[in-house]
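Beneath this line is the structure, given in structure tokens, with notes to follow.
Residue numbering restarts at 1 for every chain, and letters A, B, ... go by the order of the sequence lines.
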Amino acid sequence: MSGRRLHVQASRLRAQLDTRALAVLDTLYRFRLLTTAQVQRLYLVSGVPGSRIRRTQYLMKRLQTLALVVRLSRVIGGVRAGSSGFVYGLSALGQAVLDVSGPAGGRRRRVWETTPYFQDHMLMVAELYVGLREAERQGQAMLLTFTSEPGCWRHFTGSGGELVVLKPDAYVRVGFQAVERRVFIEVDLATESLPTIVRKSARYVAYWRSGVEQQRAGVFPQVVWLVPDQHRLQNIQRALGSLAVEASGLFEVALIDAGPRLLMAPPELEEKPDHSSSRPPP
DNA sequence: ACTTACCACATGGTTTGTAA
DNA sequence: TTACAAACCATGTGGTAAGT
């Protein structure tokens, strides 16, 4: 399909979508993949409980019929019992619809033909976002920013003068009454080796030492590793122990299920050593 | 066009039953 | 006791129908 034609079709489609449908597409753009259940938890929270999911299915089916989303694999007979729902990604047309109103930005993304691991990882990042939105709905904290890849990437110059790219899974700002928490998120599914974890973490330390983020944003975010189970949590904590002592306070490791609760809870004010404003000696 | 209710279907893990 | 099979269960989805 040629660009011009696509654009015309996208404009026409956009006109007949309501704000909720557009929001779904936009969120799909940000996270690349979403499950039906996640869409429901984000955008169909009112009404009779039993019918919410049904309405979500109706909505997603409509978007699929319009070729705005693509439906990926479905695992039936899931982990314990029952099925997992469908997983949706944005189609090229869906992306074009977002482009209509301006810079949806980056290059086209392809969500299908991806490995199960990447799918799981993307869905976990999305899951964290959904969890944070739900926590926000009930709690006092506000989710000010949730930037996923690649928007949350950071570029800086390493000690050898080389260009380094830091690739967190997400950058999160949570607002409380007077204070604000900023966090880089690393979602870990226990698929990477501990040396890889350490290497990634060292890159955060290098970025911290560069002072770029502090200059840009005033503070350096905490780096939170979210892991699937207790065993992995201990392993990563131990691995992080090998990093420079003064950098250890940068990191926190937590269970991924506890992620939203942790991030939306007001920070205790006494706190550990403050890395945010101070630059370490060269 | 959208919402809601109801029921059947698909399917793998879990449990229970049975034979070796 | 072990090994395998049948029955059961959980869960999201789809169709349909009726209501708004």
Side-chain angles (χ1 to χ4, degrees), chain A residues 8-98 100-101 110-135 137-138 148 187 189-191 226-232 255-261:
Chain A
V8 170
Q9 191 182 0
S11 302
R12 199 172 42 225
L13 271 172
R14 187 187 172 86
Q16 56 179 278
L17 294 174
D18 58 9
T19 54
R20 182 168 61 192
L22 286 171
V24 171
L25 294 182
D26 186 58
T27 307
L28 221 34
Y29 175 79
R30 291 174 61 192
F31 296 101
R32 312 181 68 169
L33 295 177
L34 291 173
T35 65
T36 308
Q38 286 171 338
V39 172
Q40 182 265 305
R41 288 157 63 200
L42 284 173
Y43 297 114
L44 290 104
V45 291
S46 64
V48 183
S51 84
R52 288 176 198 167
I53 200 68
R54 205 71 191 78
R55 283 151 62 206
T56 312
Q57 289 167 344
Y58 180 78
L59 169 65
M60 295 314 287
K61 178 157 192 180
R62 203 157 44 92
L63 292 178
Q64 192 200 12
T65 305
L66 294 171
L68 295 170
V69 301
V70 290
R71 197 142 77 173
L72 307 187
S73 60
R74 178 187 175 204
V75 181
I76 299 182
V79 182
R80 245 190 102 259
S83 320
S84 75
F86 280 118
V87 174
Y88 292 91
L90 199 59
S91 72
L93 180 59
Q95 205 169 114
V97 164
L98 294 176
V100 168
S101 67
R110 218 159 257 270
V111 289
W112 47 98
E113 300 166 25
T114 174
T115 68
Y117 165 70
F118 280 123
Q119 284 191 18
D120 288 349
H121 191 262
M122 287 186 258
L123 287 174
M124 277 320 257
V125 175
E127 181 63 25
L128 177 67
Y129 174 72
V130 174
L132 287 172
R133 280 285 177 231
E134 286 180 327
R137 217 171 283 139
Q138 324 169 325
S148 53
V187 173
L189 297 181
T191 52
L226 294 176
V227 302
D229 55 61
Q230 198 67 39
H231 184 243
R232 181 70 172 176
L255 293 178
I256 191 152
D257 298 335
R261 211 169 348 110

Roughly, in whole Å, what's the span from [atom1] in [X] to [atom2] in [N]?
X       : N      : atom1 : atom2 : result
A:Gln40 : B:dT3  : CD    : C1'   : 14 Å
A:Asp18 : B:dA1  : CG    : P     : 13 Å
A:Tyr88 : C:dG12 : OH    : P     : 13 Å
A:Arg41 : C:dG12 : CZ    : C1'   : 15 Å

Would you be so kind as to tabulate the donor-acceptor pairs closer than 3.5 Å made by side chains of residues 58-70 of chain A, with sequence neighbours excluded?
unit_1, atom_1, unit_2, atom_2, d
A:Thr65, OG1, A:Lys61, O, 2.7

Query raised in the report: Just by distance, with hydrogens left out, do A:Tyr129 and A:Thr27 show a side-chain donor and acceptor under 3.5 Å apart?
Result: no

Query raised in the report: Quick one: does A:Leu123's side chain get under 4.5 Å of A:Gln38's, heavy atoms only?
Result: yes

Query - A:Val39 side chain near A:Tyr88 side chain, heavy-atom distance below 4.5 Å - result: no

Query - Exam field: side chain A:Ser148 to backbone A:Phe31, donor-acceptor pair closer than 3.5 Å - result: no

Query raised in the report: Under the salt bridge (Lys or Arg N to Asp or Glu O under 4.0 Å) test, which residues partner A:Arg41, sequence neighbours left out?
Result: A:Glu127, A:Glu134

Query raised in the report: Who are the salt bridge (Lys or Arg N to Asp or Glu O under 4.0 Å) partners of A:Arg54, not counting sequence neighbours?
Result: none

Report task. Specify the residues of residues 52-59 of chain A, ordered by number, for which at least one heavy atom lies under 4.0 angstrom from an atom of DNA chain C. Result -> A:Arg54, A:Gln57

Query raised in the report: Below 4.0 angstrom from OP1 or OP2 of B:dC2, is there any side-chain N or O of A:Lys61?
Result: no

Query - Short side-chain N/O contact from A:Arg71 to OP1 or OP2 of C:dT13, under 4.0 Å - result: no

Query raised in the report: What pairs with A:Arg232 under side-chain hydrogen bond (donor to acceptor under 3.5 Å, both in side chains), at least two apart in sequence or on another chain?
Result: A:Asp188

Strictly under 3.5 Å: I want the nitrogen or oxygen pairs between protein and nucleotides 17-20 of chain C, one per line.
none

